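To find a chain, count down the sequence lines: A is the first, B the second, and so on, and within it residues start at 1. It should be emphasised that the depicted structure is a prediction, and the values quoted were computed from it without experimental measurement.
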There are 2 protein chains.
Amino acid sequence: MSHRDDSVETIQRELTAFARRARATAARMHPELSLVSFTLLAHLEDQRGCRATDLAAHYLLDKSTVSRQVSALERLGFVERRVDPDDHRVQVLHLTDEGAEMLANVTASRRVAFHERLADWDEADLDRFASYLLRYNAAQEAVE
Amino acid sequence: MSHRDDSVETIQRELTAFARRARATAARMHPELSLVSFTLLAHLEDQRGCRATDLAAHYLLDKSTVSRQVSALERLGFVERRVDPDDHRVQVLHLTDEGAEMLANVTASRRVAFHERLADWDEADLDRFASYLLRYNAAQEAVE
DNA sequence: ACTTCGGGTTGTACTGTACAACCAGTTGAA
DNA sequence: TTCAACTGGTTGTACAGTACAACCCGAAGT
C-alpha cells in the first residue's frame, strides 16, 4: 500500500472516530442543547433569521425533522416564528433574546473546550488544520 | 480576535459540520450497515475478537447499547459468540465469514469514496491532514 | 457460605431521523 | 377566472441509537 493510501486510510479512520464521538460529547457537555439544535440556532444567528425550508436544504434534513426541531426550540423559547406578510405560507424563524443568550453560552463553553484541546498546537499547524478541514468539507458538499 | 482564535473557530465549525453529516452520509452509502455497526465490526476484526464490555469501554457506549447492537449483528449473521471456557459469564465475540466479507465490501467502498474526495490533494497535504487528525483525536481521548 | 463484583440482558423512555399523507397558501396556464 | 400544480409546513408513523435502572448469573474473596 502506498504512503498515499496510508494517509487516506488514517484520515478515514480518524474522521469516523471523531464523528462517532461528537454527538455523545456534545450531549455530555451541553445536555440543554443538542448538537443539531445548536447548529440550527447558530445558523439562525448567522443568517439573522431564515425559513424552515432553508434549514432543511442547508443541512440535508427532512422538512419534518426541521419542523419538529423548530417546534422544540420554540417551546423552549429560543426561537420565534414570524409569518411573512408577502407569502402567508412561510414563517421566518428568528432567535429570541433567550435563544441568543443560550447560544452564546454554549458557544463560549465549546470554544473553551476546543481551545483547551488545541492549546499546545502552534499557530501554523492550527492554520493548516483549519484550511484542510475547510477544503475537505467543501469537497464533500460539492458531491452531495 | 487573533488569528489563532480564528483558526480554532474554523476547526470547531468544520469538525461540527462534518460530524453532523457523517451518519447520514454513511447511512446513504451503506444502508445495510450503520456507522456504529461498521465500527464495531471493524474493531472485532482488528482485535480478532473481544468482549462486549471491551466494545462498550472503547466506544464509551452503555453496555445495554452494545448488547443490542451485537444481538442485531448476530441476527444478521455477521458476528458469533463463543462462551469463554475459563469464565462462563463472558462471551467472546468474533466475526463470521459473512461478517468479514460484508466488512470488506463496506470498507472497500468507503475507501473509494474517501479516495475520490481526496483525489486532488497532494501527498504532503494528505500526510499532514492525517497527522493532525491523529493528534486531535489522541488529545480528545485523553480527556474523556 | 455469603457477599460482593463483573459481564450481560431486558424493560422503558427519549432523541433524531425519514417517508408519506396531508393542509393551506401561491402561481401559472387554459 | 378558475383550477391544477407547486411550495412551505405539520402530523402520523416507524425505526435506529442511545441511556439508565433493574435484573440474572457466574466468579471471587472473605
Next item on the list: Take the protein atom NE2 of A:His88 and the nucleotide atom P of C:dT27, then report the distance between them rounded to whole Å.
Entry: 11 Å

Notebook entry, point to check: Pick one: which of A:Leu103, A:Thr107, A:Val36, A:Leu93 meets side-chain contact (heavy atoms from CB on, under 4.5 Å) with A:Leu41?
Noted result: A:Leu103

Notebook entry, point to check: Could you state the CG-C1' distance from B:Leu73 to D:dA16, rounded to the nearest angstrom?
Noted result: 13 Å

Next item on the list: Would you indicate whether B:Asp120, at its atom CG, is surrounded by more than 12 heavy atoms from other residues, nucleotides or ligands within a distance under 6.0 Å?
Entry: yes

Check: Checking A:Arg111 against A:Phe114: charged group under 6.0 Å from the ring centre and within 45 degrees of the axis?
Finding: no

Notebook entry, point to check: For nucleotides 6-16 of chain C, read 5' to 3', which letter fits each nucleotide if B means a protein heavy atom sits under 4.0 Å from the base, S means only the sugar-phosphate is that close, and - means neither?
Noted result: BBBBBBB---S

Notebook entry, point to check: Under the 6.0 Å and 45° cation-pi test, does A:Arg135 pair with A:Tyr132?
Noted result: no

Margin query: Measure CZ/B:Arg28 against P/D:dA16 and give the value in whole Å, please.
Written below: 18 Å

Next item on the list: Please work out which of the three classes, parallel, tilted or perpendicular, describes the rings of B:His58 and B:His43, given edges at 30° and 60°.
Entry: tilted

Margin query: Keeping A:Ser67 on the side-chain end and A:Lys63 on the backbone end, is there a donor-acceptor pair under 3.5 Å?
Written below: no

Notebook entry, point to check: A:Arg21 CZ to D:dT18 C1': how many Å, rounded?
Noted result: 17 Å

Check: Within this structure, what is the CG-to-C1' distance between B:Leu60 and D:dG17, rounded to whole angstrom?
Finding: 15 Å

